Q: 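Below is one structure. I have some questions about it.
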Amino acid sequence: VICRPADPDELQGWLAARDRSVPLLITGNDAPAARARAEQEGADVISTAGLDGPIDYRPDDLTITVGAGMRVTRLVRLVTERGQWLPTGGAEAEVRSVGGWIATAPPGPFDHAYGPVGRQLLACRVQAPDGGRYRWGRAVVKNVAGYSMARLMCGSRGRLGVLTAASLRVWPRPRTSVCCRIAGGPDLAGMLAAGSLPIPGGDPEGALWVAGAEDTGWLMVWLHGSERSTTTRASGLARWASDCGYRFEQSAGATEKTSDASDRLRGGTSDSMGERAPETSDSRSERRFERRFENASFRLTTGRRYVVDGIRRIRETFGTQVRQVEALPILGLVSFQVERAGDSDPDTVARLLGLYPSLGPGLVERGGAADLAAAEHRRAAGVRRTEASVIAALGGQPRHWLGDYL
Amino acid sequence: VGEAGVITDPARLLAYESDALTTLRGAPAAAVFPTSAEDLAAVVRVLHGAGVPFVPRGAGTGLAGGAVARGEVLVCTARMTRILGIDPVERTATVEPGVITAEISRAAASHELRYLPDPASATACTIGGNVAMNSGGPHCLRHGVTTDHIMALELVLPDGTVLAVGRGEDGGLDLAGLVIGSEGTLGIVSRITVKLAPLPAAVRAALALFDDLAAAGEAVSEILTSGVLPVALELIDAATIAVVEASAFAAGLPTDVAAALVVECEGEPDDIEAELTRVARIVERHGARGVRIADSEEERARIWQARKRAYGALGRLAPDILVQDAVVPRTALPSLLRAIERAARSRDLRLANFFHAGDGNLHPNLVFDGRNAEEVGRVEEASDEIMRLCVEAGGTISGEHGIGLDKRKYMPLLFTEAEMRAQGAVKRVFDANGSCNPHKMLPLSREAAP
């Protein structure tokens, strides 16, 4: 059964009438992969695609309230038209909807400078499986009244209910955004993680390392600021790269839209920057989004000092099956895909479990049920019990409410 | 904890009757001072076993009555002051809850790192208190509030068990995010891992003077939408300037202006120059009488002096101050400021405003004599009206001070019965007996709302 409510009342009515023993899967915007998964699991599906569009955009307050089913690409386009910006960091390639972005809270290349999804989310409206309907937070930039329930929704993967609307902080678009690429292997990511990459002015505003073939790759950094300072910083980085023999490239337009740069670079192969046939940002995101579901996707929290080891051990463990290895060096995270591996494949999970003991704090899943189980292995029993109690207290369903919120 | 770690003498307990909101008082049964996480857990286990409710307390600098004990035992973390480790590669510090907030940056400075949140009381308040209240501060406009800088917590639950919670890694819930800002109602934080950030290349401040407070508010909105990202945008009104300039903290501001706007930017020198030049053009367009850009650290300190010393200077006006705390959409600031002034003036109350304008975080300060019951009544009426006005404008009843005992009655302005029940259910997950900081934050019923 697929429920595609046009408004929160319809959703509440449908939830009240359904058989609660049937598993339920939430999909943000009718993702085909989510529907396929629901079929496999024998689950009902809620699509929030009908809860779409801007509800209240206040550019002068730097806030926007939208339906949770609104596509992230559309939201980014909307605020960009008003000279504003959301640091999604290419999240639109991982999730389709705003609700999916919040519920999965994927880390991005701008998180260290602008904050993660939780900082962007000011308020949300939630429909709990038990019929409860909540509004957590307000569309203001600070709020400590009551428990931080909106924050709790970030990364909750639908276990606490269906997000129906969200109020987000938007940022003034950076006056100048320069994207630089340096060709180099994991060591380059390690240098940035260790703080030994001599970027004038310290940390860049955005940073992402993308693996190429063999031991190659590209480190991408985004520099935000005045035209003068970004030019100075980019020139300094270019000089250092040249002195060390690294290939260096810089985005053509100094004012290139950050989201476009991110999407183009992440979507391209290591040698394709600027050489692909023209393609829209939407179609690039869509292609990448669909590709994600051909493989099993994982993310390792390695810590900054283990980024290089993490990348190498992933390759050693999965060999030629590994795809799309990326690192967020400043956050100490590595993500990757394992080709043709089901995310429930016991062998894949066993190999994952063997990976992380030497790699810092832990394993973070972003795929399906089995890797969620693998990740749970890392959490203490007391934490898991507390989480289950919190979910129950808020009327959620930890077991029958599949948390793959796309 | 030994005898030195317990106070039961009523005379000595007088110092623990209130936090910095001195109008709300209570008599604790005792105050206990553990010096380690293990001691803290043991103390809580003993209290739980004896069925004695308790109230966590840091340095007692809170402004909402959150650390007031009325017959409960105070569990004070102020002697848990060890910085357990700084990891310059991972850019983290692990600390005990009694560490003074400013000490973290001092300890990290040798690694050219700092802890970013800077509540006004950073040199006195503790990091444990900041976690409990999700504290902000002038520079959270750019840097974010406490929750944005906490990586993990160790929490002593109200039954004395210890739980290590993170930010939702490993597919879990962001339980640390839930604990941050819970005002000590879910347990007592015993260890905290904070994020550290590199020191900025440069910091500069500017001061703009206005003849019209509303024009200053409009300038704030335009600055923020212009692409400039200051780290702080603070407004000081005429009443505050007058009292600061008449005090020992005089900063040399003219007393015939309606408002002063402090703008601070940090980063690359070229960026700061460009941003402050742009700010100067904007404020001049909004009628600023003059703009002063600090050229030295001394001048920057002078610019900040009026803002930072304002609270102390208000003590000249009357024995008591009620520091209100609310947040509204920034564009509502000019009309709200006028409405708040009417709410105070119509009740013959003295009002001074100095606040985080960039965040829309208002701090109307009502000065009064707490010995005058009739005046206290007028202050309460004005507070009720101010809270209602802020919520009606789309805002909230606290941006950084918290709810504590002080604002419980306003919670129904924000939350439905179902939302309050849900929060009560979350509280019971952690504290089934309701023994941890009882009667704080969550209201008794919606009927209590003004």
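To find a chain, count down the sequence lines: A is the first, B the second, and so on, and within it residues start at 1. Please read all numbers here as calculations on a predicted model, not as lab measurements.
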Q: For the atom pair NZ (A:Lys142) and NE2 (B:His356), what is the distance rounded to the nearest 0.5 Å?
A: 4.0 Å
Q: Write down the atom of B:Gly395, the atom of A:Val140, and the distance for their closest heavy-atom approach.
A: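 Closest approach of B:Gly395 to A:Val140, heavy atoms only: CA-CG1, 4.0 Å.
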Q: Checking heavy atoms, do the side chain of B:Arg421, its backbone, both or neither come under 4.5 Å from chain A?
A: neither
Q: Rounded to the nearest 0.5 Å, how far does OG1 of A:Thr386 lie from CG of B:Leu175?
A: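 If we round to the nearest 0.5 Å, B:Leu175:CG and A:Thr386:OG1 are 6.5 Å apart.
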Q: Roughly how far, to the nearest 0.5 Å, is the CG atom of B:Asn361 from the CG atom of A:Asn143?
A: 10.0 Å
Q: Short question: side chain of B:Thr225, backbone of A:Pro59 - any donor-acceptor pair under 3.5 Å?
A: no
Q: Closest heavy-atom contact between A:Ile330 and B:Arg91?
A: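 Smallest heavy-atom distance, with atoms named: CG2-NH1, 4.3 Å.
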Q: More than 12 heavy atoms of other residues, nucleotides or ligands under 6.0 Å from CD of B:Glu273: is that the case?
A: no
Q: Rounded to the nearest 0.5 Å, what separates atom CG in B:Asp270 from atom OG1 in A:Thr231?
A: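 Between B:Asp270 CG and A:Thr231 OG1, I get 9.5 Å after rounding to 0.5 Å.
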Q: If you count heavy atoms of other groups shown closer than 6.0 angstrom to CZ of A:Arg58, is the number above 12?
A: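 Not more than 12 within 6.0 Å, no.
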Q: Counting heavy-atom pairs closer than 4.5 Å to chain B, which one of A:Gly155, A:Gly137, A:Gly201 comes out on top?
A: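 Looking at each option in turn, the highest pair count goes to A:Gly201.
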Q: Side chain, backbone, both or neither: which part of A:Arg138 has an atom under 4.5 Å from a heavy atom of chain B?
A: side chain
Q: Please look at B:Ala164 and chain A and tell me whether the side chain, the backbone, both or neither of the residue comes under 4.5 angstrom of a heavy atom of that chain.
A: backbone
Q: With a 4.5 angstrom heavy-atom cut-off, is it the side chain or the backbone of A:Ser389 that approaches chain B, or both, or neither?
A: both
Q: Between B:Ile397, B:Val145, B:Leu229, who has the most heavy-atom pairs with chain A when the cutoff is under 4.5 Å?
A: B:Leu229
Q: Under 3.5 Å, is there a donor on one side chain and an acceptor on the other for B:Asp271 and A:Ser229?
A: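 Yes.
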Q: So which of B:Ile180, B:Thr147, B:Thr92 has the biggest tally of heavy-atom pairs under 4.5 Å with chain A?
A: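 Max contact count across the listed options: B:Thr147.
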Q: Please look at B:Pro329 and chain A and tell me whether the side chain, the backbone, both or neither of the residue comes under 4.5 angstrom of a heavy atom of that chain.
A: both
Q: If you count heavy-atom pairs under 4.5 Å between each of B:Pro88, B:Ser398, B:Cys140, B:Ala425 and chain A, which one has the most?
A: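 Looking at each of B:Pro88, B:Ser398, B:Cys140, B:Ala425 in turn, B:Ser398 comes out on top.
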Q: Mark yes or no for whether A:Asp61, through its side chain, and B:Thr331, through its backbone, hold a donor-acceptor pair below 3.5 Å.
A: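 Indeed, once roles are kept as given, a pair shorter than 3.5 Å links the two residues.
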Q: With a 4.5 angstrom heavy-atom cut-off, is it the side chain or the backbone of B:Arg142 that approaches chain A, or both, or neither?
A: both
Q: If you count heavy-atom pairs under 4.5 Å with chain A, which of B:Glu419, B:Lys427, B:Glu268, B:Arg330 comes out on top?
A: B:Glu419
Q: Chain B heavy atoms under 4.5 Å from A:Asp203: which part of the residue, side chain, backbone, both or neither?
A: side chain
Q: Let me know if B:Ala422 has heavy atoms under 4.5 Å from chain A in its side chain, its backbone, both or neither.
A: both
Q: For the candidates A:Val170, A:Leu62, A:Thr232, A:Thr63, which exhibits the highest count of non-hydrogen atom pairs separated by less than 4.5 Å from chain B?
A: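 Most heavy-atom pairs within the cutoff with chain B belong to A:Leu62.
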Q: Just wondering, do B:Glu218 and A:Asp60 contact through their side chains at under 4.5 Å, heavy atoms?
A: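 No - every pair of side-chain heavy atoms lies 4.5 Å or more apart.
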Q: If we define contacts as heavy-atom pairs under 4.5 Å, which of B:Asp174, B:Val89, B:Val328, B:Asp325 has the most with chain A?
A: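 Result: the option with the highest number of such pairs is B:Val89.
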Q: Write down the atom of A:Tyr134, the atom of B:Ala418, and the distance for their closest heavy-atom approach.
A: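 That closest heavy-atom pairing would be CE2-O, 3.7 Å.
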Q: Counting only heavy atoms closer than 4.5 Å, note whether A:Arg385 contacts chain B via side chain, backbone, both or neither.
A: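 Contact with chain B involves no heavy atom of A:Arg385 at all.
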Q: Checking heavy atoms, do the side chain of B:Leu163, its backbone, both or neither come under 4.5 Å from chain A?
A: side chain
Q: Identify which part of B:Lys195 has an atom lying under 4.5 Å from any heavy atom of chain A, answering side chain, backbone, both or neither.
A: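 For B:Lys195, no heavy atom lies under 4.5 Å from chain A.
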Q: What closest approach, in Å, do B:Gln423 and A:Tyr147 show between heavy atoms, and which atom pair accounts for it?
A: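 In this case the closest contact between B:Gln423 and A:Tyr147 is OE1-N, 2.9 Å.
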Q: Could you tell me which non-hydrogen atom of B:Thr396 sits nearest to which non-hydrogen atom of A:Ala145, and how far apart they are?
A: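 Scanning both residues completely, I find the closest heavy atoms to be OG1-CB, 3.7 Å.
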Q: Nearest heavy-atom pair of A:Pro172 and B:Gly227: which atoms, and what distance?
A: CB-CA, 3.4 Å
Q: Is B:Leu157 close to chain A through its backbone or its side chain, or both, or neither, when contacts mean heavy atoms under 4.5 Å?
A: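 For B:Leu157, neither part sits under 4.5 Å from chain A.
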Q: Are side-chain heavy atoms of B:Arg278 and A:Arg175 found at a separation under 4.5 Å?
A: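 B:Arg278 reaches A:Arg175 side chain to side chain.
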Q: Which atoms of A:Arg82 are under 4.5 Å from chain B, going by heavy atoms: the side chain, the backbone, both sets, or neither?
A: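 No part of A:Arg82 comes within 4.5 Å of chain B.
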Q: Just verifying a value: how many Å separate B:Leu173 CG and A:Arg151 CZ, rounded to the nearest 0.5 Å?
A: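 The distance works out to 14.0 Å.
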Q: What part of A:Ala193 lies closer than 4.5 angstrom to a heavy atom of chain B: side chain, backbone, both or neither?
A: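 Answer is backbone: N, CA, C or O of A:Ala193 sit under 4.5 Å from chain B.
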Q: Sort out for me which of B:Asn134, B:Val426, B:Val162 touches chain A most, counting heavy-atom pairs under 4.5 Å.
A: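 Most heavy-atom pairs within the cutoff with chain A belong to B:Val426.
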